[in-house]
Amino acid sequence: MAKSKIRVRYAPSPTGHLHIGNARTALFNYLYARHNKGKFIIRIEDTDTKRNIDDGERSQLDNLKWLGLDWDEGPDMGGDFGPYRQSERKDIYVDYINQLLEKGLAYKSYRTEDELEADREAQKARKEMPHYVYEYAGMDEGQIAQAQADAEAKGLEAVVRFRVPEGATYAWDDLVKGNVSFESKTIGGDFVIQKRDGMPTYNFAVVIDDHLMEISHVFRGDDHVANTPKQLMIYEAFGWEAPQFGHMSLIINSETGKKLSKRDESVLQFIEQYRELGYLPEAMLNFIILLGWSPVGEDEIFTRQEFIKMYDEKRLSKSPAAFDGKKLEWVNNQYMKNADEDAVFDLALPQLIEAGLLEKHADPMTMEWTRKLISLFKREISYAAEIIPFAKPFFHGPAEINEEAKAELAEDDALTVLKEFRARIADVDYLNTVKVLKTIKSIQKDTKIKGRKLWMPIRIAITHEMHGPELPESIELIGYEQSIKNLDEMIKELS
RNA sequence: GACCCGUUGGUCAAGUGGUUAAGACACCGCCCUUUCACGGCGGUAUCAUGGGUCCGAAUCCCAUACGGGUCACCA
């Protein structure tokens with residue numbers, strides 16, 4: 001039964017940066033907590049001391065914050081159920097492991113890793129499922145004690161294994177998948193709950209912590225389904241009530257149909273990478289929520305608050321969610337278009353500096369110019385780094401003119417238009433949007449040339465491109481001198 | 001191999017016994033427009049296959065095929 005207080009957690013292991021799949025897990029737990037006015041807790045699962053990386057925890061939390069998540073208890077802020085790092089809870093686990101040992105529900109195991117590996121190889125060869133075989137089979141208590149004493153005498157160190165009940169069925173009503181059940185004999189034999197280094201294994205620590213932290217619901221990836229019966233056994237051994245589980249489908253690569261692997265380089269998978277490219281956090285949040293979950297109506301773009309309000313765990317999908325990079329870009333573009341100028345400027349400026357187009361501390365006039373440039377391309381780009389190719393011509397001057405554009409300039413009125421334009425700006429010493437627009441309109445009025453024939457020659461002569469954003473704005477950014485220069489060169493060439 | 005799970009258009013994805021089978025992305029066409037983009041409108045579906053159950057099935061049941069996940073002293 002559901003507990004009265006809703007408490008959910010996100011429990012990353014600090015073995016790497018925040019992966020998109022982890023972010024999704026965190027997000028759905030967060031959404032569930034906030035929707036139900038419960039608590040959202042972060043717990044660091046760092047029991048694998050070998051795999052932990054220095055920056056892991058900081059990076060996880062930092063990127064979660066960037067996505068807009070906040071939590072009520074965690075390693076960085078404490079809470080009533082701490083500590084929130086498993087490495088700091090070792091004494092707690094040892095205490096519970098001893099209880100199991102005393103009750104005879106767990107035992108010390110001295111099989112070496114080499115022996116176990118050999119067993120597994122042999123089982124595989126016989127086409128059996130790899131599994132641990134009880135090492136004290138057929139022995140009475142005295143014989144077991146003797147065997148263990150012998151092992152100790154040989155200097156072997158023990159791990160602690162949980163004695164899996166025989167002939168039992170472990171079933172639960174999964175929040176996503178419905179009824180799921182496992183026979184105890186299929187889970188692979190007595191599993192380790194305490195490693196040789198004294199640390200608990202994941203399957204043990206997670207139970208102790210979820211119970212002690214009064215976690216009511218656990219949303220996690222599909223890859224944990226097979227762990228659930230093991231955890232259920234431990235809850236049973238202690239006489240505790242298990243939380244409600246919900247196993248979400250995995251994110252797959254739409255190209256390969258396989259689970260997104262961290263080594264798969266065809267997809268950027270770490271939140272940090274998107275952050276560096278100048279994606280908007282609100283857009284990432286929105287996109288990730290759409291991975292394996294769908295809102296009721298036809299819209300797909302919502303704020304965090306709206307998601308919280310409408311979140312319903314029943315709408316989590318059972319089938320895998322395919323990662324669609326195109327969709328990601330589209331979602332980001334939606335946000336980019338609606339973002340205010342300052343936000344886009346803040347995002348794009350570092351990109352321009354990074355690309356070497358702009359100096360780090362440019363003068364105010366250059367900054368103002370850059371601001372206009374960025375806002376010109378705001379609706380074209382999905383993420384800030386995309387501005388670089390668009391912006392380059394404005395910094396480095398125009399590129400070579402292609403054949404298609406040359407053909408356009410060969411049109412009858414092209415030279416006329418250019419000469420008119422050049423003549424009409426001869427007596428000014430600046431060019432801004434308004435001035436350019438007025439000038440073009442006046443040419444239209446006087447020469448009756450209009451539309452494409454009027455605009456295209458000017459665009460090509462000054463920008464050397466057939467496509468681009470609004471012409472008057474573009475010319476303002478290119479500036480008076482450069483525009484005149486390009487115009488003169490083109491007129492000379494055509495004359 | 002065993003155990004769990006899934007399978008709706010080019011792609012993603014709503015839909016839980018009676019619908020013209022939503023919507024999004026992509027693509028194509030038209031409109032808007034100085035161009036591109038944006039925006040607007042429109043276009044394409046034997047719901048994996050085969051059997052059932054039912055007046056009626058994408059929806060329930062059973063097989064088959066295909067796909068995925070898991071079988072660690074990792075989490």
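In what follows, chains are A, B, ... by sequence order, proteins preceding strands, each numbered from 1.
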Contacts under 3.5 angstrom, residues 389-407 of chain A side chains, donor-acceptor by atom type, not counting sequence neighbours:
unit_1: A:N402; atom_1: OD1; unit_2: A:E404; atom_2: N; d: 3.2
unit_1: A:N402; atom_1: OD1; unit_2: A:A405; atom_2: N; d: 2.8

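- A donor-acceptor contact under 3.5 Å is formed by the side chain of A:R196 with the base of B:C73.
- At distances below 3.5 Å, at least one donor-acceptor pair connects side-chain atoms of A:D46 with backbone N or O atoms of A:Q86.
- For B:A26, the OP1/OP2 oxygens have no side-chain nitrogen or oxygen of A:K326 closer than 4.0 Å.
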Under a 4.0 Å heavy-atom criterion, the protein footprint on nucleotides 28-34 of chain B, written with B, S and -, is ------B
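- Under the ring-ring contact (aromatic ring centres under 6.0 Å, His included) test applied with A:F162, the options A:Y134, A:F191, A:F204 reduce to a single match, A:F191.
- Under the 4.5 Å side-chain criterion, counting only non-hydrogen atoms from C-beta, A:E115 is not in contact with A:Y110.
- The shortest distance between the side-chain N/O atoms of A:T47 and the OP1/OP2 oxygens of B:A75 is below 4.0 Å.
- Candidate nucleotides B:C25, B:A37, B:A13 were compared by shortest atom distance to the side chain of A:E380, and B:A37 ranks first.
- Residue-to-nucleotide contacts include no donor-acceptor pair under 3.5 Å from the side chain of A:D46 to the base of B:A75.
- Close to B:G15, at under 4.0 Å from its OP1 or OP2, lies a side-chain N or O of A:R315.
- Counting non-hydrogen atoms under 4.0 angstrom, A:R43 reaches nothing in the nucleic acid.
- Heavy-atom distances under 4.0 Å link RNA chain B to A:V192, A:K195 of residues 188-195 of chain A, given in residue order.
- Backbone-only contact: A:K337 has heavy atoms under 4.0 Å from sugar-phosphate atoms and none from a base.
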Where do A:N333 and A:E329 land on the side-chain hydrogen bond (donor to acceptor under 3.5 Å, both in side chains) test, with the steps shown first?
CA-CA 6 Å; A:N333 179 251; A:E329 296 203 352; over 6 Å; no
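- The closest side-chain heavy-atom distance from A:I491 to A:K419 is below 4.5 Å.
- Applying the 4.0 Å criterion to OP1 and OP2 of B:C73, one finds that A:R161 has a side-chain N or O inside that range.
- Phosphate contact (OP1/OP2 of B:G39, side-chain N/O of A:Q334, threshold under 4.0 Å): present.
- The distance between atom CG of A:N333 and atom P of B:A24, rounded to the nearest whole Å, is 16 Å.
- Between B:A14 and A:S294, a contact under 4.0 Å exists linking OP1 or OP2 to a side-chain N or O.
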